[in-house]
Amino acid sequence: MSADGTSADLSAYRNDFARIEKKVAGEFDAGRRGRVLAICVVVLTVCMLLPQTSSAWSWTVFGSWFGDTAPVAVPLRIFAVLALVSGVVISTLALWLRRWKLASLAMLGSGLSSFFGLLAYWSQAGMITNAPHHPTVALIAEWLVMIVMTSQWLPIVLSRSPTDVPPRPHPLRTGRR
């Protein structure tokens, strides 16, 4: 086979190689951190099924946002929603699909959820009412799990090399002349 035949054969595969390279560049490998994150998702899911305070379960926290019948303070409601969305849903999707964008969203969401977890604990522990509203072990465990998830997602997200990011076209050179 001549050199021209080999070149023609390889040019037929160039699009396939580019597609595969783009797909692989958009994925991450979590390694052992993936197992830790999967365990965190399971623990967080179990904690979501337990009471958040001595008088409010998770479904009452999600179900009653406004009005005088709301059993908990606003930071706990925000924390519960962020923990559910970023800690369970987005983290599960990121671990399953292994996409950088989902991993970044999971890291940012779990970091924000960790902050609101502090505010949730503080607001429930400092609530002055006649009804018992102190935080339970499940709320504290959720908060600690979100801190662990943030500490596990951060190295994964920061491990992406700048060379893995596809180059963006220059904004002035993309226009027609």
So which atom in Val157 and which in Ala103 form the shortest heavy-atom distance, rounded to 0.1 Å?
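Minimum heavy-atom separation between Val157 and Ala103: CG2-O, 3.5 Å.
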Nearest-0.5 Å distance, [atom1] of residue [X] to [atom2] of residue [Y]:
{"X": "Leu139", "Y": "Met48", "atom1": "CG", "atom2": "CE", "result": "9.5 Å"}
{"X": "Thr136", "Y": "Gln124", "atom1": "OG1", "atom2": "CD", "result": "9.5 Å"}
{"X": "Leu76", "Y": "Trp122", "atom1": "CG", "atom2": "CH2", "result": "14.0 Å"}
{"X": "Leu108", "Y": "Ser104", "atom1": "CG", "atom2": "OG", "result": "6.5 Å"}
{"X": "Leu50", "Y": "Thr45", "atom1": "CG", "atom2": "OG1", "result": "11.0 Å"}
{"X": "Ser123", "Y": "Phe116", "atom1": "OG", "atom2": "CZ", "result": "10.5 Å"}

Determine, using the 4.5 Å side-chain heavy-atom cutoff (strictly less than), whether [X] and [Y] are members of one ILVMFWY cluster.
{"X": "Ile90", "Y": "Val36", "result": "no"}
{"X": "Val74", "Y": "Met146", "result": "yes"}
{"X": "Val148", "Y": "Phe115", "result": "no"}
{"X": "Val46", "Y": "Val89", "result": "no"}

Evaluate the side-chain proximity of Val41 to Val145: yes if any heavy-atom separation is below 4.5 Å, no if none is.
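Counting from C-beta outward, Val145 and Val41 never come under 4.5 Å.
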Side chain to side chain donor-acceptor pair (under 3.5 Å): which pairs involve residues 137-151, sequence neighbours left out?
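Passing the test, one end in residues 137-151: Gln52-Glu142, Ser110-Thr150, Ser114-Thr150.
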Pairs touching residues 30-40 that satisfy side chain to side chain donor-acceptor pair (under 3.5 Å), sequence neighbours left out:
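Output for this query lists Arg33-Gln152.
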Are the side chain of Ser91 and the backbone N or O of Ala106 linked by a donor-acceptor pair below 3.5 Å?
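Pair absent, no side-chain N/O of Ser91 close to backbone of Ala106.
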Go through it in stages, so that I can follow the logic: the residues are Ile156 and Leu37, the test is side chain to side chain contact (heavy atoms under 4.5 Å, CB included), and I'd like the CA-CA distance, side-chain angles, deciding distance and then a yes or no.
CA-CA 11 Å; Ile156 291 172; Leu37 286 165; 3.8 Å; yes
Listed by chain and number, what are the side chain to side chain contact (heavy atoms under 4.5 Å, CB included) partners of Leu154, not counting sequence neighbours?
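Only Met107, Leu158 meet the side chain to side chain contact (heavy atoms under 4.5 Å, CB included) criterion with Leu154.
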What donor-acceptor contacts under 3.5 angstrom involve side-chain atoms of residues 79-86, with partners at least two apart or in another chain?
unit_1, atom_1, unit_2, atom_2, d
Ser86, OG, Leu82, O, 2.6
Ser86, OG, Gly109, O, 3.3

